[in-house]
Every structure is written in structure tokens, then in C-alpha cells.
Amino acid sequence: DVKVTQSSRYLVKRTGEKVFLECVQDMDHENMFWYRQDPGLGLRLIYFSYDVKMKEKGDIPEGYSVSREKKERFSLILESASTNQTSMYLCASSPRNRRLYEQYFGPGTRLTVT
Amino acid sequence: KNEVEQSPQNLTAQEGEFITINCSYSVGISALHWLQQHPGGGIVSLFMLSSGKKKHGRLIATINIQEKHSSLHITASHPRDSAVYICAVRPNFGNEKLTFGTGTRLTIIP
């Protein structure tokens, strides 16, 4: 079974704090994704990584950065958290093989910035 | 206008009813996914399809590529089917990325 884990289920941070969200997958997938999910807006892609040290901006990268130093781990960093970054954050991974392509999601981290 | 539109946004039905959720998209795609999200957040993939029809238990997914439309059907619905159902497409131009609909919240009443 593919397993994608996220470091926290719930997180409360103060405005201006630096926030790290970590995601780990155990299926040797090349691709990893960070999304945020907000009511009425669905899932929106923040960043995408297709290999170690490789990253690509998604639809809403402003205010975020990412790090992928190891294949199994993809970190999302909020350099200076703001209240409008209060959201559900979901990590996903997928194999590069397009025939087998399917995204596997982590349980999500509900982040509140006060 | 979103590239992926789902309808209805909310659906409440009695246990046992036949459920249909619709998804329309505006771009050329290589695949369409149906996902399920239960309260608490976790998302699981139900189907990935690029043509025709797939069935898994009481769930059936169909796609019409020419009409850019897909449907998810649930037969003999049960309260445990209550969840948000999300349609996502893999555009031809988007390599590994998915574009998501905003989801349909389904509630099945016993």
C-alpha cells in the first residue's frame, strides 16, 4: 500500500512565523505535489517536484517555497506566515510512468495562522 | 470560468437512491480522475479513466471524450458514501499536473 504521511494533522501558528510542513512517501515516486484546499475553490497546486532538487511553481506559489533534498521527502515552507495562509494543506505523490499515473494523497494538515 | 465544473455542488439523498454526479471540462485531456474525500481530509482515488466506463462495486464512472463530460454513479447509496467527490483532469499540455473541480458534497440520509 502506498503511504503518504504529513508531519502534522493540525497546526496553529502566529503571523510572521516560519512554518515547515513535511511530507514523506514510501513508494519511490518521482513526483510530489503540495496543494492547498479552501472552501469553494477546490484543490490548488502550490508547487510540484518531479525529481530530487527539482521544483516547478504551481498556480499559487506566492508566499511559499519548497525543498526536496531526498526523493521521499517534500517540504513546504511558509517564510512568514500570514492569516490568508490559513487553509488545509495536502501533499500527494505519483509515479512518473504515465500509464500507471495516479496521485496518492496524504491525510492533510489543517493550518491556522492567528 | 473554471476548466473543470462539477454539478451539483451539494446533493442530499435517501439511503438506497441512485446517485449521479457530473463533471464537465473545457480542455483536451489525457485522463480524468474521480476522488473521494471523507470528513477529516484524506483523499482517495476512486477511478482513473481515459475512455468508456469503469465499475468498482457500487460505483460506476463514465466518460465521453467528445462531449468533454464524465459522470460518477453510485447505486444503492449508503450513509457511508457521504463524502465530497472531486473530479480532476490531466490536461494534455500539463504533463504531470491535475486540474481539480471544486467537489460535490454528498449526504446520504438513513
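Residue numbers begin at 1 in each chain, while the letters A, B, ... track the order of the sequences.
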One should read off an interatomic distance between B:Leu98 CG and A:Leu43 CG, to the nearest 0.5 angstrom, of 9.5 Å
Indicate, with yes or no, if B:Tyr25 and A:Leu41 share a hydrophobic cluster defined by side-chain heavy-atom contacts under 4.5 Å among Ile, Leu, Val, Met, Phe, Trp and Tyr.
-> no
About how many Å separate OH of A:Tyr35 and NZ of B:Lys97, when rounded to the nearest 0.5 Å?
-> 10.0 Å
Can you find a pair of side-chain heavy atoms, one from A:Gln37 and one from B:Val84, that are under 4.5 Å apart?
-> no
Residue A:Phe33 versus chain B: region with a heavy atom under 4.5 Å | side chain
Linking I/L/V/M/F/W/Y whenever their side-chain heavy atoms sit closer than 4.5 Å, directly or via other members, would A:Tyr50 and A:Leu45 fall into one cluster?
-> yes
Could you list which of residues 99-110 of chain B have a heavy atom closer than 4.5 Å to any heavy atom of chain A, in residue-number order?
-> B:Phe100, B:Gly101, B:Thr102
Transitively linked via ILVMFWY side-chain contacts under 4.5 Å: A:Val24 with A:Tyr47?
-> no
Answer yes if B:Ile21 and B:Phe47 sit in the same cluster of Ile, Leu, Val, Met, Phe, Trp and Tyr residues linked by side chain heavy atoms under 4.5 Å apart, and no otherwise.
-> yes
B:Glu17 atom CD, neighbour heavy-atom count above 12 within 6.0 Å | yes
Go through B:Ile43, B:Val44, B:Val4, B:Leu35 and name the one with the most non-hydrogen pairs under 4.5 angstrom from chain A.
-> B:Ile43
Among A:Arg110, A:Arg9, A:Gln103, residue most engaged with chain B (heavy-atom pairs, under 4.5 Å) = A:Gln103
Which bit of B:Ile86 is near chain A, if near means a heavy-atom gap under 4.5 Å: side chain, backbone, both or neither?
-> side chain
Linking I/L/V/M/F/W/Y whenever their side-chain heavy atoms sit closer than 4.5 Å, directly or via other members, would A:Phe74 and A:Leu21 fall into one cluster?
-> yes
Can you say whether B:Gln37 sits under 4.5 Å from chain A via the side chain, the backbone, both, or neither, judging by heavy atoms?
-> side chain
Hey, can you pull the donor-acceptor pairs under 3.5 Å for the side chains in residues 51-65 of chain B, sequence neighbours left out?
residue : atom : partner : partner atom : Å
B:Lys54 : NZ   : B:Met48 : O            : 2.6
B:Lys55 : NZ   : B:Gly57 : O            : 3.0
B:Arg58 : NH1  : B:Thr75 : O            : 3.1
B:Arg58 : NH1  : B:Ala76 : O            : 3.1
B:Arg58 : NH1  : B:Asp81 : OD2          : 2.9
B:Arg58 : NH2  : B:Asp81 : OD1          : 2.9
B:Arg58 : NH2  : B:Asp81 : OD2          : 3.3
B:Asn64 : OD1  : B:Gln66 : N            : 3.1
B:Asn64 : OD1  : B:Glu67 : N            : 2.9

